[in-house]
Every structure is written in structure tokens, then in C-alpha cells.
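Residue indices begin at 1 and follow the sequence shown. Quick caveat, the model's predicted, so the values are computed rather than measured. Read the numbers this way: they start at 1 and go in the same order the structure lists the ligands and their atoms.
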Amino acid sequence: MSVVYLNGEYLPLDQAKISVLDRGFLFADGVYEVIPAYGGRLLRMQEHMQRLQNSLDAIRLKNPLSSQQWLSIVEKLLIENPNSGPGEDKSVYLQVTRGVAAKRNHGFPEEVNQTVFMMVNELAPVNKEELRKGVSAITLDDIRWKACNVKSISLLGNILLRQQAHDNDAAEAILINDGLVTEGAASNVFAVINDVLVTAPTGTQLLPGITRDLIIELAVKNNISYEERDFTEQELLMASEIWFTSSTKEILPVVELNGNLVANGKSGPIWEKMIDIYQTYKIKLRLGESS
Ligand SMILES: Cc1ncc(COP(=O)(O)O)c(C=O)c1O
């Protein structure tokens, strides 16, 4: 049984309980983060903490813990939850809600006691051969709101879009807002267009992915030409490579889009280069040589 953190206590998962009046439960009034840990070392913890702060600021909620407190809880949970399967990689899920109010009312309650919840999940070791097979995707109209930069636990738009992709035998949806590519239902999107790696600029229509930023940083360091710019669905359909990126997916090639092969239906040369760079980065992280 895994051990989770809830409001100051470390508990077996089945003993962690919250009130049905929690605003996270009633309104999805809260934010979250997912942080990978490779061999016990957290990937980009500072950046995740900054994004958490930005999300909390956006929904006008005070950060209930200091960065040092977040770190010590995360580190304790990683120790309390050894992997049962092979590998030693995990992801940490943390969530903050506006807590329990006396009664259901849309306006903020006067006294706020945030609910803080954290759990750890095993991350299956990434197998490059498996990743290389890629996935299929479909484009869908981005039906979400105008604050997609906030990592909100209100994910109804995202889950309906992801399910629509599954209903069409696709692993993930690529979202199109006014003709422009924004991101995936739970990932960022990169495309190789005329040999240049392209991803949409951050703003209110997509989540500033920590993996996205790391990939951009690694592209610059390794002289891979890249551009952060708006790109259209038409450009996407002509791209020679398409990738999904996220903390848990890492870099996943899309080999089929809307039922048509992407290029020759195989992962492309820039993905091959980037996945090696990314894996090397992770090896250095395990050794304590990067963050
Ligand atoms: C909507 C959305 N965009 C992008 C991402 C990728 O973000 P990160 O790289 O920080 O995992 C996620 C991750 O779950 C997501 O849900």
C-alpha cells in the first residue's frame, strides 16, 4: 500500500480521506503539479515549484508551504514508496485546493485552509525501442478556456478531448485553436517543419511544459535549429516529424495523424537525436550532475 501525504500527515493511501465539501471535489478549485524523479533525483524541481506558484497566484490562493517544506515532503514520500517493479523512477503528484468551506458557494470562503495532497507513482522505465514505435494522433478543436497556462485540476476539457482521441483509436489529441496548434490533451506538441523544430509560444492557450522548456534548452545547446512560433494545422499536416512531450511521456513521436502517416510513418532523425540527448541528460541527473 502506498504512503501519501494529506494536510500534514503521512498515511496509507486507503486512510487518506477528505470532506465532500472540499472545493477541489465540488468545484475543481485547485491546482497541481507532476514532478518526475529519476533514481531519487527530482527533475527540474525549482521550475515545477515556480510553475506551482504561478498557478496559485493565478487562482488567488496562498502557497501553503515554503519551497523547503515542499522539498522535504517530496523527499520523504520518495523514500516511503520504494518501487515494487523494476526500475527506480517515480513521479510525484501534488495538489492544492481551496479547502473545505462550511457550505457550497461559488465565491471564495473567508477562512481558507487549503487541502494539500501528495502521492507517488511508479514510472515505468523508458524503452527507446518502444518509444520509437510512436503513436497515432488526431486533431481536434481546442474547446478549453482562456487560462490553459494554469495547471488547474479542472481538466474536463482535456479529458473529453483525450477520450475523443481514444474513441478514434488515437493515443492523444492535438488541439487546434483558431487554426493554430496549441498542445496535446495532456502534453506539449513539437513539429519539424522545413528541418526546423517548431513549438507554439507560451501564453494563455497552453501549459508551459517543463519538458518543453528542457527540450528547447537542449536543442539550443546541441545546435538543433528551433523556433517558438505559432504554426497552423496545415503546417502540422505537412510536418516531417511530430512529437508529444511531457514529464511522464518524455518525447513521444507521432507516426500517424488523422489516419495518414507522418512522413514515412517512422520516428524521424531529429527525434532520434533528441531522445539520446534527453536520456543522457537523465543519466547526468541520476549522477547528480544536472537538475
Ligand atoms: C495540458 C498539458 N500540456 C502540457 C503538459 C506537459 O507538461 P510537463 O512537461 O510539465 O509535464 C501537460 C502535462 O501533463 C499537460 O497536461
Evaluate Thr211 for polar contact with ligand 1, using N/O atom pairs at a separation under 3.5 Å. yes
For atom 6 (C) of ligand 1, what's the nearest protein heavy atom and its distance? Asn188 OD1, 3.6 Å
Should Gln15 and Met1 count as side-chain neighbours, where that means a heavy-atom distance under 4.5 Å? no
Any nitrogen or oxygen of Arg51 lying under 3.5 Å from a nitrogen or oxygen in ligand 1? Just yes or no. yes
His48-ligand 1 polar pair, N/O distance under 3.5 Å: no
Go through the steps to decide whether Glu228 and Arg212 satisfy the test side-chain contact (heavy atoms from CB on, under 4.5 Å), and finish with yes or no. CA-CA 11 Å; Glu228 264 178 278; Arg212 170 193 179 278; 2.7 Å; yes
Determine whether the side chains of Ser267 and Glu272 contain a donor N or O and an acceptor N or O closer than 3.5 Å. yes
Is Asp22 paired with Lys17 through a side-chain N to carboxylate O contact shorter than 4.0 Å? no
So that I can tick it off, tell me whether Arg51 and Glu47 are bridged by a salt bridge, with the cut-off set at under 4.0 angstrom between side-chain N and carboxylate O. no
Distance to the ring centre below 6.0 angstrom and angle to the axis at most 45 degrees; does that hold for Lys76 and Tyr5? no
Could you see which bit of Ser187 sits under 4.0 Å from ligand 1, with heavy atoms only: side chain, backbone, both or neither? backbone
Starting from atom 16 (O) of ligand 1, which protein heavy atom do you reach first, and at what distance in Å? Ala186 CA, 3.4 Å
Do Asn188 and Thr211 get their side chains close enough for a donor-acceptor pair, meaning under 3.5 Å? no
Ser187-Glu172 side chain donor-acceptor pair, cut-off 3.5 Å: yes
Going by the order shown, which atoms of ligand 1 are within less than 4.0 Å of some heavy atom of Ser247? 8 (P), 9 (O), 10 (O), 11 (O)
Quick one: does ligand 1 sit under 4.0 Å from the side chain of Thr248, the backbone, both or neither, non-hydrogen atoms only? neither
Ala185: heavy atom below 4.0 Å from ligand 1, yes or no? yes
Among side-chain atoms of Asn168 and Gln164, is any donor-acceptor pair under 3.5 angstrom? no
Heavy atom of the protein closest to atom 3 (N) of ligand 1 (residue, atom name, distance): Glu183 OE1, 2.6 Å
Can you report which non-hydrogen protein atom sits closest to atom 7 (O) of ligand 1, along with the distance? Gly209 CA, 3.5 Å
Does at least one non-hydrogen atom of Lys249 fall below 4.0 angstrom from an atom of ligand 1? no
So if I count the atoms of ligand 1 from 1 in the order they appear, which ones are less than 4.0 Å from some heavy atom of Ser246? 6 (C), 9 (O), 11 (O)
Quick check on contacts: which atoms of ligand 1 are under 4.0 angstrom from a heavy atom of Lys151? 13 (C), 14 (O)
Would you sort out whether Arg144 and Leu175 count as a side-chain contact (heavy atoms from CB on, under 4.5 Å), showing the intermediate values? CA-CA 9 Å; Arg144 301 172 305 158; Leu175 310 182; 3.6 Å; yes
Does the residue Asn158 have a heavy-atom contact with ligand 1, meaning some pair of atoms that are separated by less than 4.0 Å? yes
